[in-house]
Amino acid sequence: SGTSMATPHVAGAAALLMSINPDAEPQLLKEALINGANKNYCVDDGTSVNGFLDLAKAIDYMAEIGGIEPSAPAIKTTELPDAIDATSYTGFLRASGSRPITWELLEGSLPDGLTLQRTGLINGTAHVGKGTVTFSVKASNNYGSDTKRLSIVTHPLSPDIYREDLPYAPVNTEYSYTFTASGTQPITWSVSSGTLPKGITLSSGGVLSGTPTLKGEYTFSVTAANTG
């Protein structure tokens with residue numbers, strides 16, 4: 001009885017082989033793993049193990065059969081995910097070529113709050129408005145480098161109104177209530193349907209104020225909008 005680690009070990013070996021040759025076909029990976037197994041391998045305690053994976057041997061097989069040639073990076077990324085204000089962001093830069101490949105920001109800057117890691121990961125929490133941020137990246141290895149100009153489209157975080165019952169408004173008494181909403185500022189407010197009580201107005205800043213002059217029950221809808 002016990003837990004077999006064969007599957008995660010082979011999966012890890014396959015991932016490493018793919019990092020060496022990202023264009024390898026599945027059949028080549030399979031052949032490299034099978035031919036990389038040492039038959040009747042004897043471990044330290046003298047036990048005979050059938051099919052012990054030798055990763056170095058698998059890499060050598062892939063290099064020989066797959067025709068792996070040392071090569072400079074060629075950046076494959078053509079577009080990146082959009083970034084939304086106050087929201088966690090993750091994007092990946094990808095390139096073919098011999099590993100390891102390191103990345104750097106060559107020109108321009110990323111949207112505020114985002115960072116390019118040497119692994120090609122772009123992450124962070126964006127602090128952005130509406131627009132497009134353009135920059136250049138460089139991928140390098142021992143055999144050369146490649147550069148590419150990329151863009152990230154940015155958006156404000158859409159408003160989300162905090163909903164609650166409005167306070168009672170006595171007739172002929174000064175009234176004031178301020179609507180609030182999460183989202184990227186500035187937020188503009190307006191009445192989208194229905195009618196406000198006579199004497200009451202809604203400012204673009206979300207302040208409902210005035211002196212109601214007519215008793216009654218009024219139903220209306222408000223909209224909060226930004227430049228998203």
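The first residue of the sequence shown is numbered 1, and numbering continues consecutively from there. Atom set for the values below is all heavy atoms of this structure, side chains included, hydrogens, waters and symmetry mates excluded. Fair warning: this is a prediction, and the values are worked out from it, not measured in the lab.
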Go through the steps to decide whether Leu93 and Leu80 satisfy the test side chain to side chain contact (heavy atoms under 4.5 Å, CB included), and finish with yes or no. CA-CA 8 Å; Leu93 299 175; Leu80 289 163; 4.0 Å; yes

One pair to check against side chain to side chain donor-acceptor pair (under 3.5 Å): Thr134 and Ser151. What are the steps and the verdict? CA-CA 4 Å; Thr134 303; Ser151 297; 2.9 Å; yes

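A 6.0 Å sphere centred on NZ of Lys148 holds more than 12 heavy atoms belonging to other residues, nucleotides or ligands.
Grouping the Ile, Leu, Val, Met, Phe, Trp and Tyr side chains by contacts below 4.5 angstrom, directly or via other members, places Val191 with Leu208. Note on Val153 and Leu150: separate hydrophobic clusters, where clusters join Ile, Leu, Val, Met, Phe, Trp and Tyr whose side-chain heavy atoms are under 4.5 Å apart, directly or indirectly. Taking hydrophobic clusters as Ile, Leu, Val, Met, Phe, Trp and Tyr residues chained together by side-chain heavy-atom distances below 4.5 Å, Ile152 does not share a cluster with Leu121. In this structure, Val10 is a member of the same hydrophobic cluster as Leu29, with clusters built from ILVMFWY side-chain heavy atoms closer than 4.5 Å. Ile84 and Ile187 fall into different hydrophobic clusters, defined by Ile, Leu, Val, Met, Phe, Trp and Tyr side-chain heavy atoms under 4.5 Å apart, directly or through other members.
Annotation: salt bridge (charged side-chain N to carboxylate O under 4.0 Å, His left out) contacts of Arg149 (sequence neighbours excluded): Glu107. By the salt bridge (charged side-chain N to carboxylate O under 4.0 Å, His left out) test, Asp165 pairs with no residue at all, sequence neighbours left out.
Looking only at distances, a side-chain donor or acceptor of Tyr89 sits under 3.5 Å from a matching main-chain atom of Pro81. The main-chain N or O of Gln185 is never found under 3.5 Å from a side-chain atom of Asn226 such that the two would form a donor-acceptor pair. No donor-acceptor distance shorter than 3.5 angstrom exists from the side chain of Asp112 to the backbone of Val128, with no hydrogens or angles considered.
Put simply, CG on Leu110 and CG on Leu105 are 5.0 Å apart, with the number rounded to the nearest 0.5 Å. To the nearest 0.5 Å, atoms CG (Leu196) and OG1 (Thr219) are separated by 11.0 Å.
Applying the ring pair (Phe, Tyr, Trp, His ring centres under 6.0 Å) test to every pair with at least one member in residues 166-215, sequence neighbours left out, gives these pairs: Tyr177-Phe179, Phe179-Trp189.
By the 4.5 Å heavy-atom criterion applied to side chains, Thr154 and Val133 are counted as neighbours. At a threshold of 4.5 Å between non-hydrogen side-chain atoms, the residues Ser176 and Val207 count as touching. Between Thr87 and Thr125 there is no side-chain heavy-atom pair separated by less than 4.5 Å. Side-chain contact between Lys30 and Ile34 is present, with at least one heavy-atom pair separated by less than 4.5 Å. Looking at heavy atoms from C-beta onward, Thr90 lies out of side-chain contact with Ile122 at the 4.5 angstrom threshold.
Remark: the Thr188 side chain and the Ser204 side chain contain no N/O donor-acceptor pair separated by less than 3.5 Å. In summary, the side chains of Ser140 and Ser145 do not present any donor paired with an acceptor at a separation below 3.5 Å, with no hydrogens or angles considered. Side chains of Asp85 and His155: no donor on one and acceptor on the other come within 3.5 Å. Checking Ser221 against Ser193 by side-chain atom types alone, a donor-acceptor pair falls below 3.5 Å. Donor-acceptor pairing under 3.5 Å is recorded for the side chains of Gln117 and Asn123.
What you find for Asn141 and Pro73 is that their closest heavy atoms are OD1-CD, 3.2 Å.
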